Protein chains: 2
Amino acid sequence: MAAVLALADLKQQVRPTTWLNSIIKGDCVAALEALPDKSVDAIFADPPYNLQLGGTLHRPDQSLVDAVDNEWDQFASFEAYDAFTRAWLLACRRVLKPNGTIWVIGSYHNIFRVGAMMQDLNFWLLNDIVWRKTNPMPNFKGRRFQNAHETMIWASKDAKAKSYTFNYEALKASNDDVQMRSDWLFPICSGGERLKGDDGKKVHPTQKPESLLARVIMASTKPGDVILDPFFGTGTTGAVAKRLGRNFVGIEREQDYIDAAAERIATVEPLGKAELVVMTGKKAEPRVAFNTLVESGLVRPGQVLTDARGRYSAIIRADGTLTANGEAGSIHRLGAKVQGLDACNGWTFWHFNDGTSLKPIDDLRAIIRNDLAKIG
Amino acid sequence: MAAVLALADLKQQVRPTTWLNSIIKGDCVAALEALPDKSVDAIFADPPYNLQLGGTLHRPDQSLVDAVDNEWDQFASFEAYDAFTRAWLLACRRVLKPNGTIWVIGSYHNIFRVGAMMQDLNFWLLNDIVWRKTNPMPNFKGRRFQNAHETMIWASKDAKAKSYTFNYEALKASNDDVQMRSDWLFPICSGGERLKGDDGKKVHPTQKPESLLARVIMASTKPGDVILDPFFGTGTTGAVAKRLGRNFVGIEREQDYIDAAAERIATVEPLGKAELVVMTGKKAEPRVAFNTLVESGLVRPGQVLTDARGRYSAIIRADGTLTANGEAGSIHRLGAKVQGLDACNGWTFWHFNDGTSLKPIDDLRAIIRNDLAKIG
DNA sequence: GAAGCAGTTGAATCAAGCG
DNA sequence: TCGCTTGATTCAACTGCTT
C-alpha cells in the first residue's frame, strides 16, 4: 500500500494497475499524462488557492498568524492561475471515466475561477457544497465577516452523464431520514489527526479533515472504485479511501508531503466488507412484478384494492393487472387513469385491507424482497 | 417615495438627486449610464441565474414544479451570459463610490462566472457569504444533494479601497458577542411577505427575503447611504432600505414588477433615527444574541418590551440593541440599568405582548433554537 | 378558539433501461 | 443515439378547512 513511484518508472510500467494505491511523485499535469484514459471513477482535487496575502498578519496579542505562503501557492496573475487550472482540469478530464465525477475544493480566492473553468471545459455541475467549519480562524482585523466555510464543486463529466454514482439512500438514512443538504458541518483538521513534524509544526498548511473526505467518498463512490487526488498533499484522500475499501492514486511534487502521506496511509486499517455495504434504495433492489404477489398468494384475483382514503377502487385480475370502470392496466397505469394523471406509482397508491387498516401494496412487495434476500 | 422614472425623463434631469428613492424603468446597462459617476454607496445585485432546465419536473404526487422559465433568464451560451455580466458589472463599477461595496447573489449555475468576472474587472473580493435556507426545495429525483443555499459575493471597488463601511461591532454585538460568520441562516421568502397578484400567484419567481437584505444593509451601509439595485424586481432592496433609513435606486425592465415594487415601498414605514444608530466601538459593550430575533421578524425595531409586570419599558432598535430613558445597550445591560442593578439576564427580564399576555423574549429565542436544532 | 389534518409550494441545470 | 416504457420520488412552512 502506498508505494511511491517516480514518474519515469511509471511510464515504463506494462501492467496498468501498478499505479493503484500509490503516490506518483511529480508535477500534476505531467503525472496525469502517465495514466490511461478513462481509468478513475472519481477525483478529489484540492488545488492551490492562490491566496493573495499582503505582508504578515498578527493576532491581537501580537503573535504571528501562520499563513499559507508556500511557493506552490504563488501565481503571477489571474491569467497564470487560469492557465494552470485549465491544464490540470483537462488532464483530469481525460483520465476520468464517462460516468465518473470530480470534486474540487476552494475558497473565494480561487473557487469562482475554478468553477467557471469547469463549465468552460464542459463539466456539468451537480452541486456546490458548503463546508461550514465549526471552529474557523477568526478575522483578526475586524474588517470582514469571519471566513467560516469553504466551497466544494461536484460535477459530472458532461450533461449527458446520468449514471454517476450517488448513494442517495445511504446518505438519507445517515441523516435522520431526510435528504442530505448542500451545507455540511465539520470541524477543521486538528488534534491528533493533524500531521506534525519532529519540530511540532504542522506538515501541511491546509490538511483537510478525514470526516469531510469520508462523506465525499461515501456519497459518490462504491467500494473498489479508484479515486484520484492530483494534489495529494499529506494523503487524506488516500487514507480515507483505504479505510473505506476504495483504491486511490495520489500525485504530489513535494517529497516531505509524500513521506508523511506514505507513512500515514500504511497505518490505516481498512474496514471489513460487511461494514462497507452501501445502503441502497428501491432502485437497486430486485424488481418485483405485481404478478408475483398474485402468484405467491399475498393478494388474490378478485380482491379489491383502494387508494389510501378509499376514494378509488379496483379489482385484481388473475394476470396481475387491475380493472376499474371498464378500464384495465398495470397498477401504475390504472392508478394514473383513475386519478386523471399522467403517471402514478402504483406500489404506494394502491392499498389493501389487512383486517384492521388500509396498507400500501408496497408492504407486500417488501415481504417478497425479504424472501429473495434470504435466498441470495 | 418610489417615483417611477422613464429613462428619457431621467437623462434630462438637472438635479442629480432626482433619481434618489425612485425606480428607473429600462434596461440595466442603459439605465446605469444615466447615473453620475461615483454616486452610490452600495450595490445589491440579484442578476438572472441562467438556469438551464430540461423538460418539466413533477413532484412525487405528480403536481408540476413551477420553474423559473422567464424570458429574462434565457441566454444562448456561457459567452452571452459572460458578456451580459461584464456589461452590467462595468456599468455598476462606474457609479460606485471609491469606498463603496457591491453584493451579488447567485447559485452554482452562475455565481462562478460572476465571481471570476468580478475579479477580472478588478473588484476586490471581501467575502463570499452563504445564505443557508431553513426551508429549501427538495431534490425530487434523489440524484443530487438538496440545493439548500445560495451564495453572495461581497466586494470592494479594488484592493486599495480600505475605508469601506463594515459595521463590525454592531454585527458582533448582535451575534452573542462573537464575530458574524460567512454562513447565514434565513428562511426563503414566503407567507405574507411574498407578493401575490390578484390571481393569487407569486408576482416574481425569485423574491428575496427581507431578513437577508436587512443583514446586508445593516452590515455594509450607514443611515442616509444610497443603495443601488440594478435588478430591482419587486423591490425588496428598496423596501428594506427605506425601512432602515437608507436611500435606494432601483432599475427594472418589467412594468409588472415596477408596479408591485412601487406599491410595496409606499407602505413601508421608516424607522426612527434613534433606532437606527449603529453601534460602533467597544464603549456600548452589548452582550447579546438578540439580533437574530429582529432579523427573523419575531420582534421588530420600534417594538416596546417591558418587564413581567410592566414597570419598565424599552424600545427595540434595528441593530439589535434596546433604548430607554436616553440610555442604550444590550438587552442585559439595559435590563440592569433600568433596575439599578449590576447585572440582569435580559432574556428572562424583558417581555413582549403576544396579544393576550406578557411573555419573556426567551420564548422567542427558543423558537430560533428550535429551528437551528432541526438543521444542525 | 385550539388543534389537527389535508393541500400547496419554493431560482431545479432532478431517471433508467431497453430495443 | 433516439424513442418508448416502466416505475421511482419530497422538506419545511404556510393556508385553509374540519373536528
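Proteins get letters first, then strands, A, B, ... in listed order; numbering begins at 1 in each. The structure displayed is predicted, hence computed values, not measured ones. No hydrogens, no waters, no symmetry mates; every other heavy atom, side chains included, goes into these values.
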Handout entry: Per-nucleotide pairing state of DNA chain D [Watson-Crick or G-U, under 3.5 Å; [ ] pseudoknot-crossing; | other strand]
Key = .|||||....|||||||||
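Here the separation of D:dT10 from C:dA6, taken at their C1' atoms, is 16 Å to the nearest Å. Atom name P, nucleotides C:dA12 and D:dA8: the rounded distance is 26 Å, in whole Å. Here, C:dA16 and D:dT1 have their C1' atoms 15 Å apart, quoted to the whole Å. Nucleotides D:dG7 and C:dG10 have their P atoms positioned 32 Å apart, rounded to a whole Å. If you take atom C1' in D:dT15 and the same atom in C:dA11, they sit 23 Å apart, rounded to whole Å.
In this structure, B:Tyr81 and B:Phe75 have perpendicular ring planes: the angle between them is above 60°, well past the 30° mark.
Mapping B:Pro136 and B:Ser190 onto DNA chain D via the closest heavy atom, the residue that lands nearer the 5' end is B:Pro136. A residue-by-residue look at A:Asp177 and A:Ala289 shows that A:Ala289 has its nearest nucleotide of DNA chain D further toward the 5' end. In terms of position along DNA chain C, the nucleotide closest to A:Arg311 lies nearer the 5' end than the nucleotide closest to the other residue of the pair A:Arg311 and B:Glu150.
Close to D:dA13, at under 4.0 Å from its OP1 or OP2, lies no side-chain N or O of B:Lys133. Considering only side-chain N and O atoms, A:His332 lies under 4.0 angstrom from the phosphate OP1 or OP2 of D:dG7. For C:dA16, one of the phosphate oxygens OP1 or OP2 lies less than 4.0 angstrom from a side-chain nitrogen or oxygen of B:Arg143. For the pair A:Tyr164 and C:dA15, the criterion of a side-chain N or O lying under 4.0 Å from OP1 or OP2 is not met. Dashed line: the shortest gap from a side-chain N or O of A:Arg365 to OP1 or OP2 of D:dA8 is under 4.0 Å. Between A:Lys162 and the phosphate of C:dA15, there is a side-chain N or O to OP1/OP2 separation shorter than 4.0 Å.
Going from atom CG of A:Asp362 over to atom P of D:dG7 covers 12 Å, rounded to whole Å. Between the P atom of C:dA11 and the CD atom of B:Gln146 lies a distance of 13 Å, rounded to the nearest Å. Rounded to whole angstrom, the span from the CZ atom of A:Phe349 across to the P atom of D:dG7 amounts to 17 Å. The distance from atom CG of A:Asn291 to atom P of D:dG7 is 12 Å, rounded to the nearest whole Å. Atom-to-atom, CZ of A:Phe290 to P of D:dT5 comes out at 22 Å; the value is rounded to the nearest Å. For the pair A:Glu169 CD and D:dT9 C1', the computed distance is 10 Å after rounding to whole Å. Straight-line distance from the CZ atom of B:Phe140 to the C1' atom of D:dG7: 18 Å, rounded to whole Å. With rounding to whole Å, A:Asn99 atom CG is found 10 Å from C:dG17 atom P.
Distance from the side chain of B:Val65 is smallest for C:dA12 among the nucleotides C:dA11, D:dT10, C:dA12. Side-chain proximity of B:Asp66 to C:dG17, C:dG10, D:dT9: nearest is C:dG10. Each of C:dC14, D:dA13, C:dA11 was ranked by its minimum atom distance to the side chain of B:Arg144; first place goes to C:dC14. Listed candidates were C:dG10, D:dT10, D:dT9. Nearest to the side chain of A:Asn345 is D:dT9. For B:Gln62, whose side chain is taken as the heavy atoms from C-beta onward, the closest listed nucleotide among D:dC11, C:dA15, D:dT9 is D:dT9. Side-chain proximity of A:Ala343 to the nucleotides C:dA12, D:dA8, C:dA16 is greatest for D:dA8. Minimum atom distance to the side chain of B:Asn135 is reached by D:dA12, of the listed D:dA12, C:dA12, C:dA11. Taking every side-chain heavy atom of B:Leu53 into account, C:dA12 is the closest of C:dG10, C:dA12, C:dG17. Closest contact between the side chain of A:Trp124 and the listed nucleotides D:dT10, D:dA13, C:dC14 involves C:dC14. The side chain of A:Val178 sits closest to D:dC11 out of C:dG10, D:dT10, D:dC11.
Considering only heavy atoms from C-beta on, B:Leu125 comes within 4.5 Å of B:Ile153 through its side chain. Using a 4.5 Å cut-off on side-chain heavy atoms (C-beta onward), B:Lys208 and B:Ile105 make contact.
Here B:Gly106 lies out of heavy-atom contact (under 4.0 Å) with every strand. Base engagement by B:Gly55 is indicated by at least one non-hydrogen atom pair under 4.0 Å involving a base atom. Residue contacts shown for B:Pro47 include a base, since a base heavy atom lies under 4.0 Å away. Heavy atoms of B:Thr56 sit under 4.0 angstrom from at least one base atom. Residue B:Lys208 is in base contact, counting any heavy-atom pair closer than 4.0 Å across all strands shown. Within the 4.0 angstrom heavy-atom criterion, no nucleotide atom of any strand lies near A:Ile331.
Checking B:Ser107 against B:His109 by side-chain atom types alone, a donor-acceptor pair falls below 3.5 Å. Between the side chains of A:His149 and B:Asp128, a donor-acceptor pair is found at a separation under 3.5 Å. No side-chain N or O of B:His204 forms a donor-acceptor pair with one of B:Asp256 less than 3.5 Å apart. B:Ser182 and A:Arg132 share no donor-acceptor pair across their side chains, judged by distance under 3.5 Å alone.
Under the 6.0 Å distance and 45° angle rule, A:Arg215 counts as a cation-pi partner of A:Trp184. A cation-pi contact, defined as under 6.0 Å to the ring centre and within 45° of the axis, is absent between A:Arg181 and B:Phe145.
At a cut-off of 3.5 angstrom, counting only N and O atoms as typed in the model, there is no donor on one side facing an acceptor on the other between the side-chain of B:Lys141 and the base of C:dA16. Applying the 3.5 Å distance criterion, the base of D:dG7 shares no donor-acceptor pair with the side chain of A:Arg333. A donor and an acceptor atom sit less than 3.5 Å apart, one in the side chain of B:Asp46 and one in the base of C:dA11.
Checking A:Trp154, A:Trp131, A:Tyr164 one by one against A:Trp103, the ring pair (Phe, Tyr, Trp, His ring centres under 6.0 Å) holds for a single residue, A:Trp154.
We find the NZ-CZ distance between A:Lys157 and A:Arg93 to be 6.0 Å, quoted to the nearest 0.5 Å.
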